[in-house]
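Here the structure comes first, spelled out in structure tokens, and everything after it is commentary.
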There are 2 protein chains.
Amino acid sequence: MNLENTKAQMRKGILEYCILSMLSDKEAYASELIRALKEAKLLVVEGTIYPLLTRLKNEGLLTYRWEESTGGPPRKYYLVTPLGSKFLTELDNTWNDLVGSVNKLTGKGQG
Amino acid sequence: MNLENTKAQMRKGILEYCILSMLSDKEAYASELIRALKEAKLLVVEGTIYPLLTRLKNEGLLTYRWEESTGGPPRKYYLVTPLGSKFLTELDNTWNDLVGSVNKLTGKGQG
DNA sequence: TTATAGTACTTTGCATAGCATGGTACTATT
DNA sequence: AATAGTACCATGCTATGCAAAGTACTATAA
């Protein structure tokens with residue numbers, strides 16, 4: 001049995017929520033997001049986050065602007081669109097429901 | 001954008017935790033589990049739960065016994081093995097860490 | 001100039017798990 | 001015999017996280 005794999009599965013679908021939420025506070029570029037996610041003990045790699053950002057942009061939930069960097073290649077600063085903000089509200093509810101359901105089933109709630 | 005799909009993704013990997021936890025309290029068969037999960041607002045269908053139970057059994061986390069039913073086909077009653085119980089403890093920690101991480105990133109925690 | 005290192009963005013292919021769908025088998029009712 | 005309800009099982013699809021490799025820009029060192 002592989003605990004790491006199970007952990008990875010638990011993270012699935014939650015990254016999308018976290019990233020939308022992070023970008024609703026202030027814009028950021030991918031490497032910044034990766035650092036923040038790692039600090040929060042959520043392991044994320046480039047191959048995960050770049051396709052995810054592109055997908056959210058194509059769906060109209062995010063937009064971005066280029067910004068030159070003094071010490072490296074230019075950066076893509078992403079931010080949430082009005083549609084993304086609306087979707088984030090629904091994800092907030094979804095997440096809260098999910099936590100409630102799991103806590104109930106695992107006996108932490110009123111279960 | 002498809003909210004239902006995102007919800008399904010969020011559920012990924014969490015079912016395994018929920019089912020192990022439910023079966024650590026008392027044994028149950030698949031249809032019982034489905035009913036309980038639906039009551040807790042976690043949408044689950046047969047095509048999801050049967051392969052999952054088989055997988056957990058093959059990994060030694062669950063075992064089962066047959067029991068005849070008066071009004072239908074026999075039932076497979078699953079229960080958690082000692083190995084499954086040990087694994088469940090780790091999933092408890094994983095889940096708590098995940099909730100902490102998400103709440104921190106989405107600004108519900110200490111920010 | 002050339003080479004190396006650091007940063008940032010991109011793409012490809014794989015493994016996994018949830019799900020839709022259809023099927024089998026047992027019992028009870030009509 | 002036919003239908004309905006319950007329970008278990010198998011197949012194929014899809015989406016996502018991830019490993020790995022690649023591209024491009026800047027700064028530093030030889």
Side-chain angles (χ1 to χ4, degrees), chain A residues 1-20 27-38 42-59 62 64-78 91 94 98, chain B residues 1-20 27-38 42-59 61-62 64-78 91 94 98 101:
Chain A
M1 191 61 196
N2 188 351
L3 181 63
E4 283 312 313
N5 177 51
T6 300
K7 285 185 180 180
Q9 290 300 326
M10 274 196 183
R11 284 194 293 269
K12 277 206 171 194
I14 291 174
L15 274 180
E16 185 174 316
Y17 171 46
C18 289
I19 285 176
L20 275 177
E27 63 179 6
Y29 63 102
S31 299
E32 272 184 313
L33 295 173
I34 291 176
R35 275 193 293 271
L37 289 163
K38 279 188 179 160
L42 271 182
L43 182 65
V44 180
V45 294
E46 294 184 330
T48 297
I49 209 164
Y50 283 106
L52 176 55
L53 288 170
T54 301
R55 184 165 58 84
L56 294 177
K57 183 213 63 181
N58 289 340
E59 284 163 349
L62 294 180
Y64 68 84
R65 62 177 180 82
W66 283 104
E67 182 167 309
E68 297 299 320
S69 168
T70 56
R75 300 165 175 171
K76 264 186 177 176
Y77 277 84
Y78 285 90
L91 288 188
T94 300
L98 185 66
Chain B
M1 191 59 197
N2 188 352
L3 182 62
E4 284 310 314
N5 177 52
T6 300
K7 286 185 180 180
Q9 291 299 326
M10 276 197 182
R11 284 195 293 269
K12 277 209 172 193
I14 291 175
L15 274 181
E16 184 174 314
Y17 171 47
C18 289
I19 285 176
L20 275 177
E27 63 179 6
Y29 63 102
S31 299
E32 272 184 313
L33 294 173
I34 291 175
R35 274 194 293 270
L37 288 164
K38 278 188 180 160
L42 271 182
L43 182 65
V44 180
V45 294
E46 295 185 330
T48 296
I49 210 165
Y50 282 105
L52 176 55
L53 289 171
T54 301
R55 184 165 58 84
L56 295 177
K57 184 213 64 178
N58 290 340
E59 285 164 350
L61 305 181
L62 294 180
Y64 69 84
R65 64 179 178 81
W66 283 104
E67 182 168 309
E68 297 299 319
S69 168
T70 57
R75 297 165 175 171
K76 264 187 178 177
Y77 277 84
Y78 285 90
L91 288 188
T94 300
L98 185 67
S101 296

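Naming convention: chains lettered A, B, ... in sequence-line order (proteins, then strands); numbering from 1 in each chain.
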Between C:dT16 (P) and B:M10 (CE): distance, integer Å: 24 Å
Approximate separation, where rounding is to 0.5 Å, of A:L37 CG and A:L15 CG: 6.0 Å
Contact under 4.0 Å: B:Y50 side-chain N or O vs D:dA10 OP1/OP2: no
Touch class at under 4.0 angstrom, heavy-atom based, for B:T48 against every strand present: base
Rounded distance [0.5 Å steps], NZ in A:K12 versus OG1 in A:T48: 9.5 Å
From C:dA17, D:dA7, D:dT16, nucleotide with atom closest to B:R35 side chain: D:dA7
Atom-to-atom span, CD of A:E16 to P of D:dC18 - whole angstrom: 14 Å
Presence of A:R75 side-chain N/O under 4.0 Å of C:dT7 phosphate oxygens OP1/OP2: no
Chi angles and distances behind the ring-ring contact (aromatic ring centres under 6.0 Å, His included) call for A:Y77, A:Y29: CA-CA 5 Å; A:Y77 277 84; A:Y29 63 102; 5.2 Å; yes
Phosphate OP1/OP2 of D:dT16: any B:N5 side-chain N/O under 4.0 Å: yes
Touch class at under 4.0 angstrom, heavy-atom based, for B:I14 against every strand present: nothing
Contact state string [nucleotides 22-27 of chain C, B base, S sugar-phosphate only, - no protein heavy atom under 4.0 Å]: ---BBS
Ion pair B:E32/B:R35, N-O distance below 4.0 Å: no
Reported CG-to-CD1 distance for the pair B:L62 and B:I19, which is rounded to 0.5 angstrom: 8.5 Å
Below 4.0 Å: OP1/OP2 of D:dA7 and any side-chain N or O of B:Y29: yes
Nearest-Å distance for atom pair OH/C1', residues A:Y77 and C:dT7: 12 Å
Distance in Å, A:T54 OG1 paired with A:I49 CD1, rounded so as to fall on 0.5 Å steps: 10.5 Å
Residue pairs fulfilling salt bridge (Lys or Arg N to Asp or Glu O under 4.0 Å) with at least one residue in residues 64-78 of chain B, sequence neighbours excluded: B:E27-B:R65, B:R65-B:E67
A:I49 CD1 to C:dT7 C1', straight-line distance once rounded to whole Å: 15 Å
Atom pair distance, as rounded to whole Å: CD in A:E32 and P in C:dT7: 14 Å
C:dA8 OP1/OP2 closer than 4.0 Å to side-chain N/O of A:S31: yes
Protein-nucleotide distance (B:E4, atom CD; D:dT14, atom C1'), rounded to Å: 16 Å
Length of the line joining A:Q9:CD and D:dT16:C1', which is rounded to integer Å: 8 Å
Candidate nucleotides C:dG18, C:dC19, C:dA8, ranked by approach to the side chain of B:R11 - the nearest: C:dC19
Listed nucleotide nearest any side-chain atom of B:Y78, set C:dA17, D:dA7, D:dC9: D:dC9
A:K12 NZ - D:dC18 P separation (whole Å): 9 Å
Presence of B:K76 side-chain N/O under 4.0 Å of D:dC9 phosphate oxygens OP1/OP2: yes
Spatial distance of atom CG (A:L20) from atom CG (A:L52) [nearest 0.5 Å]: 8.0 Å
